[in-house]
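Reminder, nothing fancy here: chain letters follow the sequence lines and each chain counts from 1. Just the heavy atoms: all of them, side chains too, but no hydrogens, waters or symmetry mates, feed the values below.
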Amino acid sequence: MEDHQNSEAPPTFIPALFKPPSLLPIARHRAALLYLVETFPVVIVVGQTGSGKTTQIPQFLNDAGWCNDGKIVAVTQPRRVAATTVAARVAQEMRCELGQEVGFSIRFEDVTSAKTKIKFLTDGLLLREALVDPLLSRYSVIMVDEAHERSLSSDVLLGLLKKIRKRRPELRIIISSATLQAEDFLNFFAGGEEGVRESDGADELGGDVGRIISLEGRMYPVDIHCLEEPTEDYVERAVKTVLDIHIKEAEGDILLFLTGREEIERAIDLISDKISELGIKSPSLQALPMYAGLPTDQQMYVFEPAAEDTRKVIISTNIAEASITIDGIVFVIDCGFVKLRAYNPNSGIETLTATPVSKASATQRAGRAGRTKAGKCYRLYTEQASNALEEATVPEIQRSNLAPIILQLKALGIDNIARFDYLTPPPAELIIRALELLFSLGALDDYAKLTKPLGLRMAELSVEPMMAKVLLSAPSFNCLSEILTIAAMTSLQASVWFYHDDRKKATETARRKFAVEEGDHLTLLNVYQAFVTRGKKDAKWCRDHYINYKAMTQAVSIRNQLRRYLERFGIEVAESLNAPEVMRVGGMDKEEMIRRCLTMGYFSHAARMQSDGSFKSVNGLTLWAHPSSLMFNRKADWVIFHEIMETGKKIFIRDVTKIEKGWLLEYAPSFYHVK
DNA sequence: GAGCACTGC
C-alpha cells in the first residue's frame with residue numbers, strides 16, 4: 001500500500017458537480033433518511049447524479065452517531081477516481097484533513113488512519129477486505145453506490161452483504177442507484193426471508209427488511225426524436241444530424257455517442273469535410289473526441305468551454321454515459337449501440353462486439369441533454385427499434401469468465417457456488433467452465449473444495465488464476481523474479497508501447513530492440529529489466545524507445561504488490577536482473593525454465609502454427625497472432641498465449657510464447673488425457 | 001500485415 005506514484009490528480013470536471021450542501025435536494029430528506037436507516041436494515045436510495053447522495057449521506061450518518069465507538073461508515077464506488085475525489089470533497093466539507101476522519105482506500109493507495117470514520121473505497125477492494133475480515137465487522141454502515149451499473153464486484157458484494165446481514169443484524173446496508181431498478185434490489189434482500197414474514201402480514205414490498213427512498217434530482221425535460229426509417233450508416237447519419245442541429249438550433253453543445261475509436265475518428269473527418277463543403281464560418285463547430293484510450297491531456301479538452309461563437313460537439317464512447325459528466329450539453333445524439341465484452345463458455349473466447357443499448361442506457365444517454373436546461377435527444381433508430389430494446393444491460397456476472405470470482409468466493413468460505421445468492425444468477429455453463437479451469441489448475445480438489453495452500457493462495461493473489469498458478473510454480477523452476485515481472489507486465493491494461501500512426505516504422509524498430517526470439521513474455525521481461533536499470537528515472541529514455549512511462553511505473557507497483565503477497569506466504573524472492581538468455585540453471589537456459597513455468601498455468605491456452613501462419617487451438621479453432629505480438633510475423637510450432645479475443649471476423653491471441661509440445665503432456669497430463 | 005468499449009484487485 002506504499003506505492004503512491006499512481007495517485008491520480010483529481011480531474012477538474014468532478015468538482016463542477018458539487019453544490020453547497022444546503023442547496024442540494026437531499027437536505028430536505030435528511031430526517032426521513034436517518035429514520036429509515038435506524039428502522040430498517042436495508043435502504044435503497046434512488047437519486048440522480050447531482051442529488052448529493054454520495055457526499056451527504058455519509059455525513060448525515062456520522063452526525064447521527066453511526067461512527068461512534070470506533071465504527072466506520074464505508075461507501076463503495078465502482079471507479080478509483082470517484083473514490084478519491086468524493087473523499088476529498090467530503091473531507092473539505094467536514095473541514096478535516098483527507099486521511100483523518102475522512103479517507104479513501106483504493107489499490108496501491110490507502111489514505112486512512114485510526115481516526116477514520118468515513119471511508120470511500122472501490123467495491124473490488126471491499127470484497128478483498130472480506131478475505132481478511134469475513135463479516136466486515138469494522139463497518140456499521142456499508143453504502144454501495146452506483147449499484148445499478150451492475151459491475152461484477154458490486155453484484156458479488158451485494159450477495160455477500162445479504163449473507164453477512166444474517167450474522168450481523170445490526171449492520172446497515174444502503175444501496176444507491178440512479179435508475180428505477182430499486183425494487184429489484186429490495187426484492188433481492190427481502191427474498192428468502194418471506195417464508196418467515198408471511199404470517200405477520202408484511203405484505204408491503206420488502207416487509208421488515210427495507211424501504212426505498214427517492215431523492216428529487218434536478219433534471220430538465222428532454223425532447224426525444226427517433227428516426228422514421230432505420231439508417232444504413234449511423235456514423236454518416238450522426239454527422240448529418242450534428243450539422244442540422246448546428247445550423248437550425250439555438251446555442252448549446254452536442255454530445256454524440258458512437259461505439260469506438262474508429263467510428264469517432266471517421267465522424268470527426270466527415271464533420272470537417274462538411275464544414276469546409278458548406279463553408280460554415282460563424283458560429284463555428286469544434287469536434288472533440290472522447291474515449292478511454294485517448295491520452296489524458298487530449299481528454300481534458302472536452303471539459304473546457306468552447307471559444308466564443310463556437311459550438312462544441314463531443315464525440316464519445318460509452319465513457320460519457322456513466323464515468324464522466326460534461327457540462328453544457330443540450331443536444332444528445334445516440335447511435336443506439338455500445339461495444340460490450342462477453343465471454344463464451346463453450347470456446348473460452350472473449351468477444352468485443354457492438355450491441356444494441358438497453359432502454360436504461362438509452363434513457364441515461366438522453367438524460368445527459370437535460371442537466372443545465374431543457375434539451376433534445378436524437379436517436380438514430382426507429383421508435384419501433386427503441387421499444388424492442390432490452391430493459392437493462394445484461395449484468396457483467398452473466399457474461400464474464402467467472403474463474404477469478406469463484407475462486408474468491410471459495411476463499412470466503414462459500415463452497416456451494418451454484419446456490420450462492422446472486423442478484424442475477426450466472427448461466428450454469430459459465431460456472432461449469434470456471435470450475436473446470438480451477439480444477440485443472442489444482443485450485444480445487446475432486447470435491448470442488450479449495451485446495452490448501454495452493455487454491456487459497458491463488459485466490460489471494462491479485463492476478464487471474466492461470467497467472468497465479470504460474471507465480472506459485474515459479475520457485476520450483478528457479479525463475480520467480482522473472483515470473484513476477486512477467487505477471488505484472490501482462491496484467492497491465494494500458495499498452496507498454498506508444499502507437500504513433502505517423503511513425504509506425506520507428507515504433508517497430510524500437511520494439512524490435514527488445515524482441516526475444518521465444519516470444520512476447522520474454523520480450524516484456526526484457527523491456528521491464530531495461531526500464532528499471534535505465535529508464536526508471538528518465539522519462540526521455542522511455543520516449544526515445546516509444547515506451548509508455550505511466551504503464552511501466554504501474555508495472556513496478558503491481559510487481560511490488562505481488563512480491564509482498566508471496567513474502568506473506570513465506571516465499572522468498574531472490575531478485576535477479578540478468579538477461580534471461582545468459583543464465584543457465586542445471587543445464588537448462590533460464591528462458592526455457594520461464595517458458596516451462598508459463599506452461600504450468602497456460603496449458604489450456606495452447607495452439608500450433610499452421611502453414612498459412614494462423615494457429616490451430618487445441619480445441620480446433622483457427623486463431624491469429626494479434627498484430628501487437630512478435631509471433632505476428634515469425635515462425636513457430638507450439639505456443640501458449642495469455643489472452644484470446646474475437647473482434648470483427650478473426651480470433652486474436654496476444655502475448656504469445658513458443659513452447660514444446662511435450663511440456664503440455666508433462667505439466668497437464670490430466671487436461672490432455674495422458675494415461 | 002492489422003487494431004481494445006469500460007472498470008477493478
Candidate pair A:S154 and A:E146, rule side chain to side chain donor-acceptor pair (under 3.5 Å), full reasoning: CA-CA 9 Å; A:S154 87; A:E146 316 286 354; over 6 Å; no
Of the options B:dA5, B:dG3, B:dG8, whose atoms approach the side-chain atoms of A:P627 most closely? B:dG3
Quick check on the 6.0 Å ring-centre criterion: do A:F615 and A:F641 meet it? no
Atom-pair distance (CZ on A:R79; P on B:dA5), nearest Å: 17 Å
With sequence neighbours excluded, tell me which residues meet side-chain contact (heavy atoms from CB on, under 4.5 Å) with A:T451. A:D445, A:L454
Mind checking A:R341 for me? I need base, sugar-phosphate or nothing, with any heavy atom below 4.0 Å counting as a touch. base
Closest to the A:R107 side chain, choosing from B:dG1, B:dC9, B:dA5: B:dC9
Sugar-phosphate, base or nothing in reach of A:F632, heavy atoms under 4.0 Å: base
Heavy-atom nearest nucleotide on DNA chain B taken for A:L461 and for A:A292; more 5' hit belongs to A:A292
d(CD, A:E265; C1', B:dA5) in whole Å: 15 Å
Which of these nucleotides, B:dG8, B:dG1, B:dC6, is closest to any side-chain atom of A:N633? B:dG1
A:L340 has an atom CG; how far is it from atom C1' of B:dC6, in whole Å? 9 Å
Would one find a side-chain N or O of A:S151 under 4.0 angstrom from OP1 or OP2 of B:dC6? no
Select one nucleotide: of B:dC6, B:dA5, B:dG8, the one nearest the side-chain heavy atoms of A:I319. B:dC6
May I have the distance from A:Y343 (atom OH) to B:dA5 (atom P), rounded to whole angstrom? 22 Å
Hey, does A:E460 reach any base, or is it just sugar-phosphate, or nothing, if we go heavy atoms under 4.0 Å? nothing
Check side chain to side chain donor-acceptor pair (under 3.5 Å) between A:N318 and all other residues, then give those that pass, not counting sequence neighbours. A:R365
Using a 4.0 Å heavy-atom cut-off across all strands, classify A:T122 as base, sugar-phosphate, or nothing. sugar-phosphate
Answer yes when A:R150 and A:D184 have at least one side-chain N-carboxylate O distance shorter than 4.0 Å, and no when they do not. no
Quick one: do A:E129 and A:K119 satisfy salt bridge (charged side-chain N to carboxylate O under 4.0 Å, His left out)? Show the steps, please. CA-CA 13 Å; A:E129 275 192 18; A:K119 176 168 152 184; 2.9 Å; yes
How is A:T353 classified with respect to the nucleic acid when contacts are heavy atoms under 4.0 Å: base, sugar-phosphate, or nothing? nothing
Interatomic distance, A:L492 CG vs B:dG8 C1' [rounded to whole Å]: 14 Å
Have a look at A:S153 and say if it touches a base, only the backbone sugar-phosphate, or nothing, with a 4.0 Å heavy-atom cut-off. nothing
Please give, in whole Å, the distance from B:dC9 P to A:D123 CG? 9 Å
Which whole-number value in Å describes the distance from A:N401 CG to B:dT7 C1'? 16 Å
note: A:E464, atom CD; B:dC9, atom P; distance rounded to Å ~ 16 Å
A:R128 side-chain proximity, nearest of B:dA5, B:dC9, B:dG1: B:dC9
